[in-house]
Amino acid sequence: MEKVILTADRPTGNLHIGHYIGSIQSRVDLQNQGDFDRMYIMIADAQALTDNAGNVKKVRENILNVALDYLSCGIDPEKCCVFIQSQVPALTEMTFYFMNLVTLSRLKRNPTVKEEIKLRGFEESIPVGFLTYPISQTADITAFGTTLVPVGEDQKPMIEQAREIVRTFNSMYGETLVMPEAMIPKIKSQARLVGTDGKNKMSKSLGNCIFLSDEPEVIKSKIMNMYTDPNHIHINDPGQIEGNAVFEYLDAFVKKDSFEKYLPEYKNLDELKTHYKKGGLGDVKIKLFLNNIIQELLKPIREKRKELEKNPEQVYKILFKGSDQANLEAEKTLKKMKQAMGIDYRSDIF
Ligand code: ATP
Ligand code: MG
């Protein structure tokens, strides 16, 4: 069986370090290992419109921003097909047929959608498109015969939903669609990076992000204002690690050589945590350490982005070429689906 990888991001803002650690890093690694047949990266503009219908301008502008972020992180359009969702009409048609295979109560049970509805304050005025976006996401995944989806933990229920739809479709109409699987980082703080507020998931829509394109002083100020342990008032007070955003970020981003480079008086993260818990280690010190690590990560990304920003036309060319290629592939799957369902009426006559 072919190995096909697909992931997507909503163009609702610039990409942040949660995207990087939850998904983009795995995509770049997979891309560079080359152990796949096809790889797709989709800018989910149609999905972004499900909760931004009145703000098309924002979605439109962020298509370029997200594409710039991809390329600056090392996504290589020679190896991956990078495309825009709305430019592949077969995805909408597939969604329409999948809608018949899912009940309203099943959609309402999705824990990520439930949380997003609450955070966006939709209450009873949820756009139908928003509630059904996991179905459209199933079309995005299955249209390309995707086997692997490298995502953050919030996407787990979406992949489960996609698997259910594939199972239902195949048992109803015959083996047609490929079963996808999620690939979620094993480290908890990477799978769901908390926001700088220490409360919610880092999320473009919540204003608790460190963006990949942030300037060094902005990054530093966001880190120095980060949530730690509210009871750790004096240096000598014992500190708490659980729920402490700075330690969650250290868990997610510390590298083998980070201590040697920036905090040589400690051997590793365990030693640093033990000291913090005991008391005698101040928040400023751990924040400055984290700042060094994040600055090192983001410097090359920001610099590459500045180069790419000079030539937006080139970026759009990549996206349109990718969209044409994605279109051909999605059309093939839609045709197979229609044949399996028995709605390929023209073939009865011609
Ligand atoms: P929005 O607020 O518009 O939903 P978002 O920040 O949640 O934006 P998405 O475009 O929905 O970002 O997600 C893109 C990808 O990044 C998905 O694979 C998702 O799982 C992953 N991701 C998003 N936020 C995080 C996070 N905080 N930690 C780990 N992975 C994340
Ligand atoms: Mg999201």
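The analysis underlying the following values was restricted to heavy atoms, covering all of them including side chains, and did not include hydrogens, waters or symmetry mates. This one's a predicted model, so the numbers in the text were calculated from it and none came from an experiment. Both counts, for ligands and for their atoms, begin at 1 and track the order of listing.
- Ion pair K255/E260 not flagged as a salt bridge, since none of the NZ, NE, NH1 or NH2 atoms sits closer than 4.0 Å to an Asp/Glu carboxylate oxygen.
- In the vicinity of G22, heavy-atom distances shorter than 4.0 Å reach the ligand 1 atoms 29 (C), 30 (N).
- Counting heavy atoms under 4.0 Å from ligand 1, residue T12 touches it through the side chain alone.
- Annotation for ligand 1: atoms under 4.0 Å from non-hydrogen atoms of A8 are 14 (C), 15 (C).
- When all heavy atoms of D154 and T112 are compared, the closest pair comes out as O-OG1, 2.7 Å.
- Each of the atoms 1 (P), 2 (O), 5 (P), 6 (O), 7 (O) of ligand 1 lies under 4.0 Å from some heavy atom of S203.
- Side-chain rings of F144 and F83 approach one another, their centers coming within less than 6.0 Å.
- Between M42 and L91, some side-chain heavy-atom pair lies under the 4.5 Å cut-off.
- The residue A48 has no part lying near ligand 1, judged by heavy-atom distances below 4.0 Å.
- Looking at atom 15 (C) of ligand 1, its nearest protein heavy atom turns out to be D9 OD1, 3.5 Å.
- Of the protein's non-hydrogen atoms, the one nearest atom 20 (O) of ligand 1 is D154 OD1, 2.6 Å.
- Looking only at distances, no side-chain donor or acceptor of N62 sits under 3.5 Å from a matching main-chain atom of N65.
- Aromatic pair Y97/F169: ring centres not closer than 6.0 Å.
- Applying the 4.0 Å criterion to heavy atoms of Q155 picks out, from ligand 1, the atoms 17 (C), 18 (O), 19 (C), 20 (O).
- Which of Q47, H19, R27, R10 comes nearest to atom 5 (P) of ligand 1 through a heavy atom is settled by distance: it is H19.
- Checked for salt-bridge contact, K332 and E329 meet the test: a charged N lies under 4.0 Å from a carboxylate O.
- Residue-level proximity to ligand 1 for R120 is carried by the side chain, the only part with a heavy atom below 4.0 angstrom.
- A salt bridge (charged side-chain N to carboxylate O under 4.0 Å, His left out) with E215 is found for one member of K220, R305, K299, K306 and no other, namely K306.
- The single protein non-hydrogen atom nearest to atom 26 (C) of ligand 1 is L193 N, 3.7 Å, given as residue, atom name and distance.
- Selection from G152, G207, A252 by nearest heavy atom to atom 21 (C) of ligand 1 gives G152.
- Contacts with ligand 1 closer than 4.0 Å are made by backbone heavy atoms (N, CA, C, O) of Q190 only, the side chain lying farther away.
- Atom 29 (C) of ligand 1 has its nearest heavy-atom neighbour, among G18, A44, A182, in G18.
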| request: Could you walk me through whether D344 and K336 pass the salt bridge (Lys or Arg N to Asp or Glu O under 4.0 Å) test, one step at a time? | output: CA-CA 9 Å; D344 54 335; K336 270 195 230 156; over 6 Å; no

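- For atom 7 (O) of ligand 1, the nearest non-hydrogen atom from the set M202, K201, K204 comes from K201.
- Ion pairing between E164 and R106 holds under the 4.0 Å rule for side-chain N and carboxylate O.
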